[in-house]
Enquirer: 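Before I ask anything, here is the structure I am working with.
Order of the sequence lines sets the chain letters (A, B, ...), proteins ahead of strands, with each chain counted from 1.
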Amino acid sequence: MSPFQMKFTSIMMEMTVEEKKIIKRLDKCDFTEIHKYFVDKNEARKALPKEEKQKLKEEADRLQEEFGYCILDGHREKIGNFKTEPPGLFRGRGDHPKMGMLKKRIMPEDVIINCSRDSKIPEPPPGHKWKEVRFDNTVTWLASWTENIQNSIKYIMLNPSSKLKGEKDWQKYEVARRLKGVVDKIRFQYRFDWKSREMRKRQRAVALYFIDKLALRAGNEKEEGETADTVGCCSLRVEHIQLHHELDGQEHVVEFDFLGKDCIRYYNKVPVEKPVFKNLQLFMENKDPGDDLFDRLNTSTLNKHLQDLMDGLTAKVFRTYNASITLQEQLKALTSAEDNIAAKILSYNRANRAVAILCNHQRATPKTFEKSMQNLQTKIDAKKEQLAMAKQELKRAKADAKARKDVKSKSNVDKKKKLLAKLEEQLMKLCTQATDKEENKQVALGTSKLNYLDPRISVAWCKKFGVPVEKIYNKTQREKFAWAIDMADEEFEF
DNA sequence: ACTCTAGACTCAGAAAGATAATA
DNA sequence: TTATTATCTTTCTGAGTCTAGAG
């Protein structure tokens, strides 16, 4: 079925007999009215008087208070998503084959409740029943339902601030730290395997090199036609790379160009070690562009091999490890103890950015980017003018002091000098701000900060350089990383 | 030993909402 | 001061990773 037919079918299924008589073709339908209806509704909500908005807020708070928490092991814990997802049109990311399908409303009859046998079992809404109530303490979810677009299960789970999630997070970083201890051995091993007689091993070793060096994701195989066409390391196809014996003065360059998770483009030109280059040539021999680059490899065999190298090691641990170690190294390289707090935070953001670039965390350029950049430039220009003026004034004051040789005119020179220095510093600050902004234009820092960087590195850095943790982590982040803030002293090393 | 699938969990950027800065 | 705008925070839910178990 074509995507369009699928959409139409999914909408047809919701239509009454009467509607089906009238509506035969979706492309003949005019949706401007319904679109206007929703736009208007949105505007109306925004234009609501203050006290009405206040009321809505209070109601939301009440819901949060009543449904937003659970008791786990005797502790009241915040729930991450305590509402089921509302019905609507499925969008998906990128060129998704199921775009436009109807996502159905979830009814109590769809919902499985998971709680303790001896707990107060939540009541379904009046006149309804739960699909099931179970008491499974081997999983962490509190409720679940099956979603109708991909037929996958959705869960109600705890907030990242919870003890359960925090401990899991800590564990994740501990595994990555263990990798630190054996990574040299593993690197030696895969270099050795580049020369293996077995094709499987060679492919595995080259893939692992990519995962390690470029922080690529594992790349599970996906069901065709069910999702957008994206790939990771193991699912790379011949068409996704180009080999250059020599490019821009560098040897053995691999040019990557593919869509990764969330249809984010990965584009990179990387010089690789010669055996890797030779192997890639070999892997690509007699293949079509659409063929798998690593035809003897999948994530399951790769992870099995990694498990043999270290307990708990999987492909994604390399991402965590390389992200965290990069942060630590960059912080060390970029921070000067004599810098002021603002400069230190700038260094932190630079280090964070290095990681985000490694992990290919991108964002759309903010809507107000150009404008705010212009504003900053205006400020810089104004500051430059002030600076020029101050320079002249200093010159005049110096001449004055030379002529008059009195105390007053001398102290005037000092004053002008101080002003000049102050203005110069302000200009510097503005300029670094501008560079920082420009470099950050399309880089998303949040994902790595929240998911890849061992928070203890940041906490230790804060303590070491006298930067308040609040400057690095906002309230939510401090709650999520409470375990690390508690645990790490300035001596912590990843 | 393998493939396939279901299940459970982490990780992902956009959009909405709240707050701070600025005119 | 207040209204507007820029920026930061929170919410949302889709898209991955990885494991276990059946055949």
Enquirer: Using atom names, set out every protein N or O paired with an N or O of nucleotides 21-23 of chain C below 3.5 Å, distance rounded to 0.1 Å.
Expert:
none

Enquirer: Can you give me the N/O atom pairs linking the protein to nucleotides 18-20 of chain C at distances under 3.5 Å, or say none if there are none?
Expert:
{"from": "C:dC18", "atom 1": "OP1", "to": "A:T314", "atom 2": "OG1", "distance (Å)": "2.8"}
{"from": "C:dC18", "atom 1": "OP1", "to": "A:A315", "atom 2": "N", "distance (Å)": "3.2"}
{"from": "C:dC18", "atom 1": "OP1", "to": "A:K316", "atom 2": "N", "distance (Å)": "2.7"}
{"from": "C:dC18", "atom 1": "OP2", "to": "A:N303", "atom 2": "ND2", "distance (Å)": "3.1"}

Enquirer: Now, which nucleotide makes the Watson-Crick or G-U wobble pair with C:dG14, with each of the two distances under 3.5 Å?
Expert: B:dC11
Enquirer: How many whole angstroms separate atom CG of A:D262 from atom C1' of C:dG16?
Expert: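 The distance from CG of A:D262 to C1' of C:dG16 comes to 8 Å, rounded to the nearest Å.
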Enquirer: Return whichever of A:Q64 or A:R91 has its heavy-atom-nearest nucleotide of DNA chain C closer to the 5' end.
Expert: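 Upstream on the strand: A:Q64.
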Enquirer: Output yes when A:E226 and A:K98 qualify as a salt bridge under the 4.0 Å nitrogen-oxygen rule, no when they do not.
Expert: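 Yes, charged N to carboxylate O under 4.0 Å.
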Enquirer: Can you check whether A:K103 has a side-chain N or O nearer than 4.0 Å to OP1 or OP2 of C:dG14?
Expert: yes
Enquirer: What's the CD1-P distance between A:I264 and C:dG16, to the nearest Å?
Expert: 10 Å
Enquirer: With sequence neighbours excluded, what pairs up with A:Q374 under the side-chain hydrogen bond (donor to acceptor under 3.5 Å, both in side chains) test?
Expert: none
Enquirer: List in numerical order all residues of residues 202-210 of chain A for which some heavy atom is under 4.0 Å away from an atom belonging to DNA chain B.
Expert: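 None - not one residue of the stretch has a heavy atom sitting under 4.0 Å from the strand.
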Enquirer: Is it true that A:K154 and A:E85 make a salt bridge, defined as a side-chain N closer than 4.0 Å to a carboxylate O?
Expert: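 Answer for the salt bridge query: yes.
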Enquirer: What is the distance from CD of A:E147 to P of C:dG14, rounded to the nearest Å?
Expert: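 Answer to the nearest Å: 6 Å.
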Enquirer: A:I149 has an atom CD1; how far is it from atom P of C:dA15, in whole Å?
Expert: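 From A:I149 CD1 to C:dA15 P: 10 Å.
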Enquirer: Give one of base, sugar-phosphate or nothing for A:A364, where a contact means two heavy atoms less than 4.0 Å apart.
Expert: sugar-phosphate
Enquirer: Which residues satisfy the side-chain hydrogen bond (donor to acceptor under 3.5 Å, both in side chains) test with A:D257, sequence neighbours excluded?
Expert: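 Residues passing side-chain hydrogen bond (donor to acceptor under 3.5 Å, both in side chains) with A:D257: A:R265.
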Enquirer: Could you go over nucleotides 6-9 of chain C and give all protein N or O partners under 3.5 Å, atom names and distances?
Expert:
{"from": "C:dA6", "atom 1": "OP1", "to": "A:K371", "atom 2": "NZ", "distance (Å)": "2.6"}
{"from": "C:dT7", "atom 1": "OP1", "to": "A:K437", "atom 2": "NZ", "distance (Å)": "3.2"}

Enquirer: With a 4.5 Å cut-off on side-chain heavy atoms, are A:V206 and A:F294 touching?
Expert: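 A side-chain contact exists here, since the closest heavy-atom pair is under 4.5 Å.
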Enquirer: Would you call A:D229-A:R237 a salt bridge at under 4.0 Å N-O?
Expert: yes
Enquirer: Any ion pair linking A:E174 and A:R178 (charged N to carboxylate O, less than 4.0 Å)?
Expert: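 Salt bridge absent between A:R178 and A:E174.
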Enquirer: Taking only Lys NZ, Arg NE, NH1 and NH2, and the carboxylate oxygens of Asp or Glu, determine whether A:R456 and A:D454 approach each other closer than 4.0 Å.
Expert: yes
Enquirer: Mind checking what makes side-chain hydrogen bond (donor to acceptor under 3.5 Å, both in side chains) contact with A:D339, not counting sequence neighbours?
Expert: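 A:D339 satisfies side-chain hydrogen bond (donor to acceptor under 3.5 Å, both in side chains) with no other residue.
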Enquirer: Check this for me, if you would: do A:K131 and A:D110 make a salt bridge, where the nitrogen-to-carboxylate-oxygen distance has to be below 4.0 angstrom?
Expert: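 A salt bridge is absent here (no side-chain N lies under 4.0 Å from a carboxylate O).
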Enquirer: Using a strict threshold of under 4.0 Å (side-chain N to carboxylate O), is an ion pair present between A:K172 and A:E167?
Expert: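 Salt bridge flag = no for A:K172 with A:E167.
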Enquirer: Separation of A:N298 atom CG from C:dT17 atom C1', in whole Å?
Expert: 13 Å
Enquirer: Separation of A:M157 atom CE from C:dT11 atom P, in whole Å?
Expert: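 Nearest whole value for this atom pair: 18 Å.
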Enquirer: Is any side-chain N of the basic residue among A:K36 and A:E33 closer than 4.0 Å to the acidic one's carboxylate O?
Expert: no
Enquirer: At a heavy-atom distance below 4.0 Å, which nucleotide of DNA chain B is the first touched by chain A, and which is the last?
Expert: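 Using the under 4.0 Å cut-off, the span is B:dG7 to B:dT22.
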Enquirer: Taking all atoms of both residues into account, what is the closest heavy-atom pair of A:V317 and A:G312, and its distance?
Expert: CG2-O, 3.9 Å
Enquirer: Residues two or more places apart in sequence or in another chain: which of them pass side chain to side chain contact (heavy atoms under 4.5 Å, CB included) with A:A218?
Expert: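 A:T299, A:A315.
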Enquirer: In chain order, what residues pass the ring-ring contact (aromatic ring centres under 6.0 Å, His included) check against A:F494, with sequence neighbours excluded?
Expert: none
Enquirer: Identify whether any heavy atom of A:P86 sits under 4.0 Å from a base atom; if not, whether one sits that close to sugar-phosphate; answer base, sugar-phosphate or nothing.
Expert: sugar-phosphate
Enquirer: Could you work out, with side-chain hydrogen bond (donor to acceptor under 3.5 Å, both in side chains) as the rule, every residue matching A:R202, not counting sequence neighbours?
Expert: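 With sequence neighbours excluded, A:R202 shows a side-chain hydrogen bond (donor to acceptor under 3.5 Å, both in side chains) to A:N279, given in chain and number order.
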Enquirer: Please identify each residue that fulfils ring-ring contact (aromatic ring centres under 6.0 Å, His included) with A:F258, with sequence neighbours left out.
Expert: A:Y266
Enquirer: Heavy atoms under 4.0 Å, any strand shown: does A:G446 hit a base, just sugar-phosphate, or nothing?
Expert: nothing
Enquirer: How close or far is atom C1' of C:dA15 from atom CD of A:E85, stated in whole angstroms?
Expert: 13 Å
